[in-house]
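Below, read A as the first sequence line, B as the second, and so on, with proteins coming before strands; counting in each chain starts at 1.
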Amino acid sequence: MPLALVDCDSFYASCERIFRPDLKNKPIVVLSNNDGCVIARSKEAKALGVGMGVPWFKVKDHYLKNGGYAFSSNFALYGDMSARVMNILESVSPSVEVYSIDEAFLDLDTLDKNFNLYKFGCHVKGLIKQWTGVPVRVGIAPTKTLTKVAIYQVKKMNVATRVVQLITQQEIMKALSLTPVGEVWGVGRRLNQHLQQMGIVSALDLAQCDPAYIRQKFSIVLERTVRELRGERCLEIEHDVAAKKQIVVSRSFGQRVDHLSVLQPIVSNFAVRATEKLRDEKQKCLQVSVFVRTSPFNDKKPQHRGFNSFRFPNPTNDTRDILHGAKIALKPIFRPNYSYAKAGVLLSLFSNEGIKQYSLFQDPDEPKDDSHLMKYIDVMNAYKTQIYFASQNTSHYSPVRQNMISPKYTTSWHEMPLVD
DNA sequence: TCTGGGGTCCTAGGACCC
DNA sequence: TCTGGGGTCCTAGGACCC
């Protein structure tokens, strides 16, 4: 029995439209942090030639002149709309894997053998549209990789029902022959290049390769892709949300930074936020890493990238420890006379909060444990940050530019839409 | 003079994804 | 002038063990 992939259509752009019916059929783009580049486009915006990931300043004039609308990213809104969509999916299927903010896999094994899957897909699509306003596409196929191919067919052929089912051998072969190999899930830029050189151009070409040969020539990962394209299920639905293995907080700066005295407090901000996430995950980490880099686009200026880690003697999720480690890690990688454009903090080597591993020189009878202090700070900062650590910089945390953000329609009482 | 074989664990780096 | 952010998995190779 097959799987289904439910995929929200231009998700961020669609979210912006839900409370703005005046934007129906209008071009909409959503911008990244600092309004840097385009990260989502409605189909009208795509038609205006706005590419994915292009720098906003390059397309801005032409786009706005042609009646386009632009928004800074509003993750409070997108996260909440996503949760609503996922709730609906969980109500129609006992087995849902939330794969990303705008995608979920459904296991259809539990449905009746005689159930019409295509009609089920249409029903789910209609339900989500009616209850949340979010347009979705549905792909139904025997494996995850093939559901992705099905979704690609919906896009490419502009299927009116927004549902494509690939069940029979003919349906699968035809769809594969119409899909360029670079569009296959798991084939990125590098692999695409390599495969093209070998004359493997369509998804069908790849499906017809010998899996053992692909494994030897490339990797076990691509071998699985080949098998999945042939209808052999290698990737199962994951029910439990796996514990995170690393946490990253990073940002590009609104303005270049060339002094350690400016950079240090920004990195502290990242460290504080990363540690909050870590406690939220109920984990501790053994390592904090810091990275900095100049702008790779500014090739006239000297470039530098730095990465450095600090190891703790014991796992910790105490912000004071992480701040200390981040500070030590940053110092040797910062070089004066460079203009830094981005920095980040990465936590890794996690262990469960409940597990205590004492070091050889630590007295187990007198454990240092102020975890309640961090808990109180988390509670107090939950709604709005009220307590800062001394090394933080309170003014550099927010992006410099985010002028086009829409209201938090669904998550803030003050910003709820009003009806006259 | 001659210096094994088999294994685990860890991590950096590459490729990919949304 | 202005170019995102946050993840995963796999592999090769080094450190270490017996």
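Between the side chains of A/Ser14 and A/Asp9, no donor N or O sits under 3.5 Å from an acceptor N or O. There is a side-chain donor-acceptor pair under 3.5 Å between A/Thr294 and A/Gln303. The closest side-chain donor-acceptor pair between A/Thr179 and A/Gln153 falls under 3.5 angstrom. Between A/Lys327 and A/Ser391, the side chains place no donor N or O within less than 3.5 Å of an acceptor N or O (distance only, hydrogens not considered).
Between the P atom of C/dG4 and the CE atom of A/Met52 lies a distance of 12 Å, rounded to the nearest Å. Distance CD (A/Glu183) to P (B/dC16): 14 Å, rounded to an integer number of Å. Rounded to whole Å, the distance from OH on A/Tyr63 to C1' on C/dC2 is 18 Å. At whole-Å resolution of the value, CG in A/Leu347 and C1' in C/dG6 are 13 Å apart. Between the CZ atom of A/Phe270 and the P atom of C/dG4 there is a distance of 13 Å, given to the nearest Å. We find that CG of A/Asp61 is positioned 14 Å from P of C/dT1, with the value rounded to whole Å. The CD-P distance, from A/Glu238 to B/dC17, rounds to 17 Å in whole Å. Taking atom CD on A/Glu276 and atom C1' on C/dG6, their separation rounds to 17 Å, with Å as the unit.
Looking at heavy-atom distances under 4.0 Å, A/Asp102 makes contact with sugar-phosphate atoms alone, never a base. Nucleic acid contact class of A/Val187 (heavy atoms, under 4.0 Å, all strands): sugar-phosphate only. Within the 4.0 angstrom heavy-atom criterion, only backbone atoms of the sugar-phosphate kind lie near A/Ile247; the bases stay farther away. Within 4.0 Å (heavy atoms only), A/Leu222 reaches no atom of the nucleic acid at all. Contacts of A/Ile101 with the nucleic acid, taken as non-hydrogen atoms under 4.0 Å apart, are absent. Within the 4.0 angstrom heavy-atom criterion, base atoms lie near A/Gln246. Across all strands shown, A/Val30 has no heavy atoms under 4.0 Å from either base or sugar-phosphate atoms.
Look at the C1' atom in both B/dG4 and C/dC16: the space between them is 16 Å, to the nearest Å.
Enclosure of atom CG in A/Asn337 is not indicated, since only 12 or fewer non-hydrogen atoms of other residues, nucleotides or ligands lie within 6.0 angstrom. Atom NE2 of A/His239 is surrounded by more than 12 heavy atoms from other residues, nucleotides or ligands within 6.0 Å.
Within the 3.5 Å criterion, the main-chain N or O of A/Pro211 finds no donor-acceptor partner in the side chain of A/Arg227. Proximity of a side-chain donor or acceptor of A/Ser42 to a complementary backbone N or O of A/Ile28 within less than 3.5 Å is detected.
Between A/Trp185 and A/Tyr99, the ring planes are perpendicular. Angles over 60° get that label, and only those under 30° would be called parallel. Under the 30°/60° scheme for interplanar angles, the aromatic rings of A/Phe310 and A/His324 are found to stand perpendicular.
When each of A/Ala341 and A/Ala243 is assigned the nucleotide of DNA chain C bearing its nearest heavy atom, the one mapping closer to the 5' terminus is A/Ala341. Along DNA chain C, the nucleotide nearest to A/Trp56 and the one nearest to A/Lys277 differ in position, and the one closer to the 5' end is contacted by A/Trp56.
Residue A/Val249 places its side chain closer to C/dG6 than to any other of C/dG6, B/dC17, C/dT3. The A/Arg190 side chain lies nearest to B/dC16 when the options are B/dC16, C/dT3, B/dC18. Distance from the side chain of A/Lys148 is smallest to B/dC18 among B/dC18, C/dC2, B/dC16.
The phosphate of C/dT1 (OP1 or OP2) has no side-chain N or O of A/Arg256 nearer than 4.0 angstrom. Distances shorter than 4.0 Å separate none of the side-chain N or O atoms of A/Ser100 from OP1 or OP2 on B/dC17. Note on A/Ser32: every side-chain N or O is 4.0 Å or more away from OP1 and OP2 of C/dG5.
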Requested in this report: Any chance you could encode DNA chain B as dot-bracket? Rule is Watson-Crick or G-U wobble with both distances under 3.5 Å; [ ] for pairs crossing earlier ones, | for another strand.
Outcome: ....||||||||||||||
Report task. Scan nucleotides 9-15 of chain C nucleotide by nucleotide, 5' to 3', and note B when protein non-hydrogen atoms come under 4.0 Å of the base, S if they reach only the sugar-phosphate, - if neither. Result -> SSS----
Query raised in the report: ring pair (Phe, Tyr, Trp, His ring centres under 6.0 Å) between A/Phe71 and A/Tyr12: does it pass, once the steps are laid out?
Result: CA-CA 10 Å; A/Phe71 293 90; A/Tyr12 299 166; over 10 Å; no
